[in-house]
Amino acid sequence: MKRQLAGLSTLMLFLFSLPVYAGAPLDTVQANVNKVLEVLRDPALKAELAKEIKKDKLRPIYKGMFDDVELSRRTMARNWNNLNVTQRQEFVQLFRQVLEKVYADKIISYNNEKIVFDRETLLSGNQAEVQTRIITSSKEIPVSYRVILKDGAWKVYDVVVEGVSLIQNYRSQFNDILVKNTNEQLLEILRKKVKEQ
Amino acid sequence: MKSFLFPVLLFAILFMGCAHNHHPASTLAPPSASLQPQQVTAASNSVQMPLKSQDMSAKSGGKSLDDMGKGIQEETVVVSDPPEPLATPAGPAKPENESVDHKENLDYVEEEGAEEKVEIADPLEPFNRAMYHFNDKLYFWVLKPVAQGYKKVVPEGARVSVSNFFTNLTFPMRFVNCLLQANFSGAASELGRFTVNTIWGIGGLLDPASSKDINLSKQDEDFGQSLGVYGLGQGFYINWPILGPSSLRDTVGLAGDYFLYPFNYVDPWYAVTGVKAYDKVNNTSLKIGDYESLKEAAIDPYVAIRNAYIQYRQKKVKARGVIPEPARPVGASSTLVGDKAP
């Protein structure tokens, strides 16, 4: 009896998990990260001047890898519902630019650190977490990508570095700002942030 | 002891990376995996949910429908057909408009992900913000220039060794706190590390215990975490001058760990202070730039650091007792005890 039950539940597991696993999350993230590394390692782009070219090459990879809107929506959380569509569109644009300004240089300063892909954990039917580690000469930095299945593709909506979630970190900041400011003022702060660097 | 670990949190909290690997995956519960019973049972007009996935979630009844798409019980689940759309009228969500190009139309619905809320009360915010500015200036005006000069003179290898040496000295704190958390495999691992690194690592200058062959990972445990494991909440946020981000609980932890740091028993007091300052400079020299990029990334650096600290500490408390993924091949004692560990 027990064995039958086990068999049945295993069967159910396969039945229901197969369609969800269309493109394993880990493979998707790994493929994207490898694309990024390819650009970073390209010997033709070694020069300092090649920075902008690298950024141009990384942009489409980012687009394919991340779900911008999902990332923004989760970052804003409840506040998202108070924005109208135009504001949302602008927010997505601005937030992406902020992240690009901040992280592009960090990514480009890549110095042959090793990246290990450990495993994936299903968070729910269409969400998963892919765990990786960046290994440098003196330390190991755990980095997790949270991905969501949308239109048949796994897209990143959050990055967790050393246990600190990117979207939660920005959410706390936006929440704090929105306590004292209007949506329009928040957008203005972001516009300034994009321009200043 | 703690005040040694805290420079880490003071200047770069998350980006600095410790030389240990934690595997939080096993502790990450998927809260969204199951359906909310209320939504299912509250069915007034029962409709069979068709097995369509993504585009369905776009409908106004966001939450319940979204869940449907993924739920394992898809077939059996019956949902209420909401008489009026759940979406806020202010929200411009129009299901008909839904397409890939108009993803912005989708409202946010609670619980979509695995992330839980991580916030902390901050009744001392004015004081904390002042201390944040103080620490910021301390870093840019004093610590960073000194560390930069030191970095020019001392090669990286030597600085890593110094850092290893100080880390090795904080072994009592990690060991005792592993025991306090009933993490016996962690305690065994720490004991093994201390023995190996002290004897074969030239008094802790090297870290052979972390090598592939021995593979004993550092257990970053402190009394603040032990209290957290016992169920004590963070209390509220405190940003100490020099020591940096902390909370009520972690401040108590800091005091508790004080007694486990050997250097605190050194006489006279200024020797202790000197050693600590040196350790701090050495540590800073290994991660110049981390604090800068953290600050640059933030819209409001004070809030960003506060949140990062709380997330980081919460994860550490959760990750306790999680046995590192690669099974330890050597160190019979640790595997033996490890079997009994939770």
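Reminder, nothing fancy here: chain letters follow the sequence lines and each chain counts from 1. Predicted model only: the values in this text are computed from it and were never measured.
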So which of B:Val160, B:Ile310, B:Leu286, B:Asp300 has the largest heavy-atom pair count under 4.5 angstrom toward chain A? B:Asp300
Lys/Arg-Asp/Glu bridge criterion (N-O < 4.0 Å) met for B:Arg193, B:Asp207: yes
For A:Ile135, is it the side chain, the backbone, both, or neither that has a heavy atom closer than 4.5 Å to a heavy atom of chain B? neither
Answer with side chain, backbone, both or neither: which region of A:Ile134 has an atom nearer than 4.5 Å to a non-hydrogen atom of chain B? neither
Heavy-atom distance under 4.5 Å to chain B: side chain of A:Asp176, backbone, both or neither? side chain
Taking the six-membered ring for Trp, is the centroid-to-centroid distance between A:Phe95 and A:Phe174 below 6.0 Å? yes
Would you mind checking if A:Glu184 and A:Arg191 are paired as a salt bridge, meaning a charged N to carboxylate O distance below 4.0 Å? yes
Donor-acceptor pair between A:Arg171 and A:Thr75 side chains, under 3.5 angstrom: no
